[in-house]
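Down below is the structure, laid out as C-alpha cells.
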Amino acid sequence: MGGGKTALVLTGGGARAAYQVGVLGAVRELWRGRPGHPFPILCGTSAGAINAAALAVYAQDFSMAVRRIGYIWRHFHVEQVYRADAMALTATGLRWGAALLTGWLVRQTPRSLLDNSPLAELLQQTLDFSAIGRAIDAGLVDALSVTASGYTTGESLAFFQAREGLLGWRRAQRVGLPGRIGLPHLMASSAIPFVFPAVRINREYFGDGSMRQIAPISPAIHLGAERIMVIGAGRLSEEGRQRADAYPSLAQIAGHAMSSIFLDSLAADLERLERINHTLSDMNAAQRSAVGLRPIETLVISPSRRIDAIAGHHRRSLPRALRVVLAGIGGMRRSGSTLLSYLLFEPGYTRALMDLGYEDTMARRGEVAEFLRL
C-alpha cells in the first residue's frame, strides 16, 4: 500500500495506558528527531484520550512530548488520579450504604465509587488545550479525536478538533462532532462506569468512551487516515478455558466487565477491517470508488504478556486504605488482579508496563520503521 495520512489510535484501559507510553518511547527512538509529527491524526479513548491529547498539545516537538508524558507516567501515584485516603473512602462507603438502605426515602444516589478530581487538577495544570488549535493551524497535526459514550442517547460520540475540510459524520450509534477539545472531554472519555462520575457536555452526561464503542478505529478513518497504528492495552487473545472451583469474587466480576468494555470491541473491529481489506484487494479502483471504501493499512502493538499478572506483582504498592477496601471484594487475591490492572496508578507498575511497551515495539522495529516509512 502507498503513503497517505497516518493515524495513531490509543485505546482505553485506565492505568494500563502506561503501556502505550512505552510504545511511544520506542517510536520516538526510531523517529530520531525527524521534522514533523509521525501521527498527524490522533485518536484516543478513555486513558488513551489523555495520552492522545498530550501528544497534540506538545505537537511542535514529538520527542519532547513523549518525554513529558513518560515522566508523568513514570512518577504516577494513585493520589494524582483519585482520592484514596481513608477519609475519602470511608465517606464514599457511607454514601453508598445510605443509598442502599434509605434510597427509597431520600431520592439521592452517589455518583461514583471514587473521586477523580485530582486527575482534573493534574490535567488542568499540565495541558494547555489552546495549543491544540495552534498545532492544527501550523499544520503539525490534522486532527485530534476523543471518544465518549452518551448515557442518554447510548451513542458513541467522537468529539474532534481538526483542520478545515474535515466534517462530522453519523452512523448507527456512532457520531463525529467537530469542536474544541477541552478538559471536560478528557474527563468524560475516561469516566469508567460506576468508578468515576459522568461528565456533562452540552445537553448530555457522558461516560467512558470504551462503552458501546463498536468501531474504535472508525474515527481515524473518518478523519482521513489511510494507515493506522493501534496501541492496545491488553492482549487481543487470552489463554484457553481453565478450571474454576471457587465462586468469582466481586473484584473478579468487575475486572471481567472492564475487560469486556476496554478490549473486546477492538479485536472485533480489527477483524472486520481485515475482511474489508481482503474484499477490496479483489476490486479495481473503479469498483472501490463505487462502494465508497478504501484499503487501510494497520499495525497493531499489544502487550506480549498478561497485564493482570504484572499488576498482581505490584498490588502491595497501593495505599493501605485502598488495599483494605479492595481486599473486602477480593481485589487483593490473584483472581482480582484484572481489576487492579486498571486502577493501579503506582510507579512500580506503570514503569513495568512502559518497559514492556518499549520492548514489544523494539522487537518489531523493522515493522514499525516500514509502517512509518522511515
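Heavy-atom basis, side chains included; hydrogens, waters and symmetry copies ignored. Predicted model only: the values in this text are computed from it and were never measured.
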Could you give me the CA-CA distance, side-chain angles and deciding distance for Tyr82 and Leu119, then say whether side-chain contact (heavy atoms from CB on, under 4.5 Å) is met?
-> CA-CA 7 Å; Tyr82 55 87; Leu119 176 61; over 6 Å; no
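- Between the side chains of Ser337 and Arg315, at least one donor N or O lies within less than 3.5 Å of an accepting N or O.
- Ser341 and Asp308 share no side-chain donor-acceptor pair at under 3.5 Å.
- Residues Pro178 and Gln161 have side chains not in contact (no heavy-atom distance under 4.5 Å, counting atoms from C-beta outward).
- For Arg174 and Ser218, the side-chain atoms include at least one donor-acceptor pair closer than 3.5 Å.
- Between atom CD1 of residue Ile50 and atom CG of residue Leu55 there is a gap of 12.5 Å, rounded to the nearest 0.5 Å.
- Counting heavy atoms from C-beta on, the side chains of Leu8 and Leu24 come closer than 4.5 Å.
- Between Tyr151 and Phe206, the closest side-chain pair of non-hydrogen atoms is not below 4.5 Å.
- Under the 3.5 Å distance criterion, the side-chain polar atoms of His37 are matched with a main-chain donor or acceptor of Phe39.
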Would you sort out whether Ile69 and Asn51 count as a side-chain contact (heavy atoms from CB on, under 4.5 Å), showing the intermediate values?
-> CA-CA 7 Å; Ile69 299 168; Asn51 286 337; 3.8 Å; yes
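- Annotation: side chain of Val27 is in contact with side chain of Phe62 (closest heavy-atom distance under 4.5 Å).
- With rounding to the nearest 0.5 angstrom, the CG atom of Leu166 is 6.5 Å from the CZ atom of Phe160.
- Listed for the Asp360 side chain is a donor-acceptor partner under 3.5 Å among the backbone atoms of Ser304.
- The two residues Ala52 and Cys43 make their nearest non-hydrogen contact at CB-C, 4.2 Å.
- In this structure, Arg227 is positioned above the aromatic face of Phe371, its NZ or CZ under 6.0 Å from the six-membered ring centre and within 45° of the axis.
- No continuous path of ILVMFWY side-chain contacts below 4.5 Å connects Met211 to Ile253, so the two sit in separate hydrophobic clusters.
- A salt bridge links Asp128 to Arg134: at least one charged side-chain nitrogen sits closer than 4.0 Å to a carboxylate oxygen.
- Under a 3.5 Å cut-off, the side chain of Arg163 and the backbone N or O of Ile136 do not form any donor-acceptor pair.
- The closest donor-acceptor contact from the side chain of Gln20 to the backbone of Thr11 lies under 3.5 Å.
- Qualifying ring pair (Phe, Tyr, Trp, His ring centres under 6.0 Å) partners for His75, counting only residues two or more places apart in sequence or in other chains: Tyr71.
- Neither Trp31 nor Leu140 shares a network with the other; the hydrophobic side chains, linked directly or stepwise wherever heavy atoms of I, L, V, M, F, W or Y lie under 4.5 Å apart, form separate groups for each.
- In this structure, CD1 on Ile192 lies 9.0 Å from CG on Asn116, to the nearest 0.5 angstrom.
- Note on Arg373 versus Glu297: salt bridge recorded, some NZ/NE/NH1/NH2 to OD/OE distance being below 4.0 Å.
- Defined by atom type and a distance below 3.5 Å, a donor-acceptor pair is missing between the side-chain atoms of Ser156 and Gln173.
- Proximity of a side-chain donor or acceptor of Thr45 to a complementary backbone N or O of Gly48 within less than 3.5 Å is not detected.
- Figure legend: cation-pi geometry between Arg16 and Tyr342, with NZ or CZ positioned under 6.0 Å from the six-membered ring centre and within 45° of its axis.
- Both Leu374 and Leu299 sit in one connected hydrophobic cluster of ILVMFWY residues. Membership requires side-chain heavy atoms under 4.5 Å apart, directly or through other members.
- Checked against Ile310 for a side chain to side chain contact (heavy atoms under 4.5 Å, CB included), the options Leu344, Leu353, Leu340 give a single hit: Leu353.
- At a threshold of 4.0 Å, the pair Glu370-Arg364 does not count as salt-bridged, since none of the basic side-chain nitrogens sits closer than that to a carboxylate oxygen.
- Transitive grouping of hydrophobic side chains (ILVMFWY, heavy atoms separated by less than 4.5 Å) keeps Ile214 and Leu273 in distinct clusters.
- With hydrogens and angles disregarded, no donor-acceptor distance shorter than 3.5 Å links the side chain of Asp355 to the backbone of Gly22.
- Around CZ of Arg34, the count of heavy atoms belonging to other residues, nucleotides or ligands within 6.0 Å exceeds 12.
- Between His77 and Pro347, some side-chain heavy-atom pair lies under the 4.5 Å cut-off.
- With respect to the salt-bridge test (charged N to carboxylate O, under 4.0 angstrom), the residues Arg275 and Glu271 qualify.
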Given Leu89 and Leu114, is the side-chain contact (heavy atoms from CB on, under 4.5 Å) satisfied, shown in steps?
-> CA-CA 8 Å; Leu89 294 175; Leu114 297 173; 3.9 Å; yes
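- We find that Asp61 and Arg68 are not joined by a salt bridge, their nearest charged nitrogen and carboxylate oxygen being 4.0 Å or further apart.
- Within a 6.0 Å radius of CD in Glu274, other residues, nucleotides and ligands contribute 12 heavy atoms or fewer.
- Using a 3.5 Å distance cut-off with no hydrogens or angles, the side chains of Gln213 and Ser149 do not pair a donor with an acceptor.
- Across Ser145 and Leu223, no two heavy atoms sit closer than the pair CB-CD1, 3.8 Å.
- A donor-acceptor pair is defined here as one N or O able to donate and one able to accept, closer than 3.5 Å; no such pair exists between the side chain of Asp142 and the backbone of Ile41.
- Residue Leu30 holds its CG atom at 5.5 Å from CZ of Arg365, rounded to the nearest 0.5 Å.
- The number of heavy-atom neighbours closer than 6.0 Å to CZ of Arg180, taken from other residues, nucleotides and ligands shown, is 12 or below.
- Within the 4.5 Å cutoff, no side-chain heavy atoms of Arg333 are placed close to those of Gln252.
- Without hydrogens or angle criteria, Ser189 side chain to Thr147 main chain gives a donor-acceptor distance under 3.5 Å.
- Using cut-offs of 30° and 60° on the angle between ring planes, the pair Trp169 and His222 is parallel.
- The closest donor-acceptor contact from the side chain of Glu346 to the backbone of Val78 lies under 3.5 Å.
- Here the shortest heavy-atom pairing between Ala59 and Val141 reads CB-CG1, 4.0 Å.
- Within the 4.5 Å cutoff, side-chain heavy atoms of Ile201 are placed close to those of Phe159.
- Here the OG1 atom belonging to Thr361 is positioned 6.5 Å from the CD1 atom belonging to Ile231, to the nearest 0.5 angstrom.
- Among residues two or more places apart in sequence or in another chain, the side chain to side chain donor-acceptor pair (under 3.5 Å) test is passed with Arg67 by Ser63.
- Separation of atoms CG (Asn277) and CZ (Arg272) is listed at 12.5 Å; rounding is to 0.5 Å.
- Side-chain contact between Ser112 and Val195 is absent, with no heavy atoms from C-beta onward closer than 4.5 Å.
- Ring centers of Trp73 and Tyr19: at least 6.0 Å apart, outside the cut-off.
- Closest non-hydrogen pair, Ala198 versus Ala191, comes out as CA-CB, 4.5 Å.
- Checked by atom type and distance alone, the side chain of Arg200 pairs as donor or acceptor with a backbone atom of Asn202 at under 3.5 Å.
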Verify side-chain contact (heavy atoms from CB on, under 4.5 Å) between Leu326 and Leu339, making sure each step is shown before the conclusion.
-> CA-CA 9 Å; Leu326 289 173; Leu339 175 62; 4.3 Å; yes
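- Of all the heavy atoms in Gly224 and Lys5, the pair that sits closest is O-CB, 3.7 Å.
- Linking Ile, Leu, Val, Met, Phe, Trp and Tyr whenever their side-chain heavy atoms come within less than 4.5 Å puts Met283 and Ile276 in one cluster.
- When ring centroids are compared, Phe76 and Phe345 come within the 6.0 Å threshold.
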